[in-house]
Amino acid sequence: MTARTMRLRRVRRLVPGGRTAKGATPKVVALGGGRGLSASLAALRRITGDLTAVVTVADDGGSSGRLRDELGVLPPGDLRKALAALCGDDDWGQTWSRVIQHRFTSEGELHDHAVGNLLIVALWEQLGDHVQALDLVGKLLGAHGRVLPMSAVPLELQALVKGHVKGRPEEISTVRGQATVALTRGEVQSVHVVPEDPPAVPEAVEAVLDADWVVLGPGSWFSSVIPHLLVPELRRALEETKARKVLSLNLAPQPGETDGFSPQRHLEVLARHAPKLAFDVVLADKAAVPDIESLTAAAKQYVGSEVELAAVAAGGGSRTPSGAAPAKHDPELLAAAYDRIFRMHGRIGPWR
C-alpha cells in the first residue's frame with residue numbers, strides 16, 4: 001500500500017460532516033481569498049463539520065470590480081469561490097458549484113459576469129445584511145460551512161513597489177488595486193488598505209476567537225493573505241485567540257507579486273505586517289522547499305512555529321520541465337495533512 005493511499009484512506013474514514021467515529025470535530029476558521037482559500041476549504045470540509053471561511057474584500061477586477069464600481073457593494077467574487085469550494089461532492093453540491101461559477105458569454109453587459117456574483121449581490125440588496133445573505137446562499141447550495149467577509153466595507157489594496165517603473169530599479173512607487181498588485185512589475189515591499197482602519201465583520205472576529213484551529217493561506221501573499229492582517233480588529237483576534245494556528249504556504253511563488261520569493265521570504269514579509277502574530281505550524285509542500293534548514297530557522301524566527309512538510313500538490317509533487325512546482329493542491333492530500341496536524345499538535349480542549 002502506498003503512502004498516498006494510506007493518507008487518503010485515513011481521510012475517508014471520517015463520516016459525513018467531518019466527525020470521526022468518536023464524534024469529535026474541531027471548530028476551524030480558514031482565512032484567505034481566491035484559489036488558495038478554495039483549496040483549503042475543499043480540504044477542510046472533508047475533515048470537520050464546523051468550518052468558517054473569512055474572505056478578503058479587496059478585489060477590484062473582472063465581474064467583481066464591475067459590480068463594485070456600479071453598485072458600491074463588496075466584491076462578491078472571492079466569497080462566491082469560497083461557497084463553491086464548500087459545496088459537497090454529491091450531485092446537488094456539484095451542480096450548484098458549477099451554476100454559481102458559470103460565467104455568461106455575450107456581446108452585452110452580462111459578458112463575463114458570474115451567476116453567483118449576481119445572486120449574492122441581489123440578496124445583499126434584498127436583505128440589507130451581508131452575513132444573512134451569504135448564510136442563505138450557503139443554505140441553498142448545501143455548503144459544508146459558513147462564508148463571511150473580513151470587513152463590512154470594500155477595501156482598496158495599495159502596495160509600495162520597488163522597481164515598478166521601467167528603467168528605475170531603485171524607485172519606490174505606489175501601486176493601487178488588488179488586480180494590479182497581483183501582477184505588478186517590480187518587488188512588492190509592503191501593502192496597506194484604504195480605508196486604513198476598516199471595520200471587521202463582528203461574526204468573523206467571533207469565529208476566530210471561538211475557534212479550535214485557524215488556518216491562514218495559501219493564496220496570493222500580498223493580495224489575499226496579508227490583507228487579513230490589515231484589519232485591526234481581525235489582526236488582534238488572530239493574536240489573542242486561544243486557537244492553534246497553521247500558516248499554509250503556497251506551492252510556488254506567484255509571477256509578479258512574489259516572483260523569486262523563497263518560502264522563508266514569505267514568512268519574513270508576513271511578520272513585517274504583523275510582528276506580534278505567531279503560529280503553531282507552518283505547512284509546506286515537500287517539493288516547494290529546496291532548503292528545509294533555512295525554512296525551519298525562518299519559521300522559528302518570524303512566526304515562532306515549527307515546520308510540517310507534506311506532499312499536498314496535485315500530480316504527486318512532480319515538477320514541470322521548467323522546474324516550477326505544481327500549481328494546484330490535491331484536496332484529499334491537503335485534507336490528510338491538515339488532519340494530521342490537528343491530531344498531532346494538541347487541542348485547546350475537547351472538540352466542541
Side-chain angles (χ1 to χ4, degrees), residues 1-32 36-53 85-86 89 144-145 211-219 241-251 263 266-267 278-289 292-293 295-296 298-300 303-318 325-326 328-352:
M1 183 183 297
T2 67
R4 183 178 189 273
T5 301
M6 292 175 65
R7 283 192 295 268
L8 297 188
R9 285 191 177 180
R10 183 171 63 177
V11 173
R12 288 167 181 157
R13 280 201 297 269
L14 296 170
V15 300
R19 293 185 177 274
T20 66
K22 294 182 179 180
T25 183
K27 185 174 293 187
V28 181
V29 175
L31 302 95
L37 177 60
S38 294
S40 261
L41 296 176
L44 289 166
R45 69 174 172 82
R46 288 166 160 80
I47 62 173
T48 181
D50 198 336
L51 177 58
T52 300
L86 290 174
D89 294 323
H144 293 228
D212 294 305
W213 281 90
V214 171
V215 177
L216 180 63
T241 182
K242 294 180 180 179
R244 296 190 184 277
K245 287 166 279 188
V246 180
L247 181 62
S248 191
L249 296 182
N250 294 331
L251 299 174
H266 285 74
L267 303 184
F279 289 83
D280 295 274
V281 180
V282 170
L283 173 62
D285 181 71
K286 290 180 179 179
V289 182
I292 180 57
E293 291 184 0
L295 178 58
T296 300
K300 184 176 181 180
V303 294
S305 82
E306 57 186 276
V307 174
E308 287 283 344
L309 297 181
V312 295
S318 59
K328 290 183 65 177
H329 288 84
D330 182 305
E332 291 188 319
L333 291 177
L334 187 58
Y338 284 141
D339 183 53
R340 184 175 63 254
I341 288 170
F342 293 171
R343 295 175 185 278
M344 291 180 63
H345 289 270
R347 305 174 175 181
I348 63 171
W351 297 143
R352 291 174 285 252

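Quick caveat, the model's predicted, so the values are computed rather than measured.
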Reported CG-to-CG distance for the pair Leu44 and Asp50, which is rounded to 0.5 angstrom: 11.5 Å
Heavy-atom closest contact (Ser40 atom, Val215 atom, distance): OG-CG1, 4.0 Å
For the student: nearest non-hydrogen atoms of Trp213 and His345, plus distance: CH2-CB, 3.8 Å
Inter-residue atom distance Leu283.CG - Tyr338.OH, 0.5 Å rounding: 6.0 Å
Residue pair Ala85 / Arg45: nearest heavy atoms and the distance that separates them: O-NE, 2.9 Å
Nearest heavy atoms of Pro263 and Ala288, plus distance in Å: CG-O, 3.5 Å
side-chain contact (heavy atoms from CB on, under 4.5 Å) involving Ala42 - partner list, sequence neighbours excluded: Arg46, Pro331
Shortest non-hydrogen separation from Leu334 to Ala39 and the atoms involved: CD2-O, 3.6 Å
Partner residues of Ser305 under the side-chain contact (heavy atoms from CB on, under 4.5 Å) criterion, sequence neighbours left out: Phe279, Val282, Ala299, Val303
Residue list, ring pair (Phe, Tyr, Trp, His ring centres under 6.0 Å) with His329, at least two apart or on another chain: none
Least distance between heavy atoms, Thr48 atom then Val28 atom: CG2-CG2, 4.0 Å
Rounded distance [0.5 Å steps], CD1 in Ile341 versus CD1 in Ile47: 9.0 Å
Donor-acceptor pair, side chain of Asp330 and main chain of Val312, under 3.5 angstrom: no
Steps toward side-chain contact (heavy atoms from CB on, under 4.5 Å) verdict (Leu31, Leu37): CA-CA 7 Å; Leu31 302 95; Leu37 177 60; 5.9 Å; no
Point-to-point distance, once rounded to the nearest 0.5 Å, from CG of Leu251 to NZ of Lys328: 11.0 Å
Exam field: side chain Asp280 to backbone Lys245, donor-acceptor pair closer than 3.5 Å: yes
Separation between CG of Leu216 and CG of Leu247, rounded to the nearest 0.5 Å: 5.5 Å
Distance (rounded to the nearest 0.5 Å) between Lys286 NZ and Ile292 CD1: 10.5 Å
Those residues that, when tested against Ala284, pass side-chain contact (heavy atoms from CB on, under 4.5 Å) (two or more places apart): Leu249, Val289, Leu295, Leu309
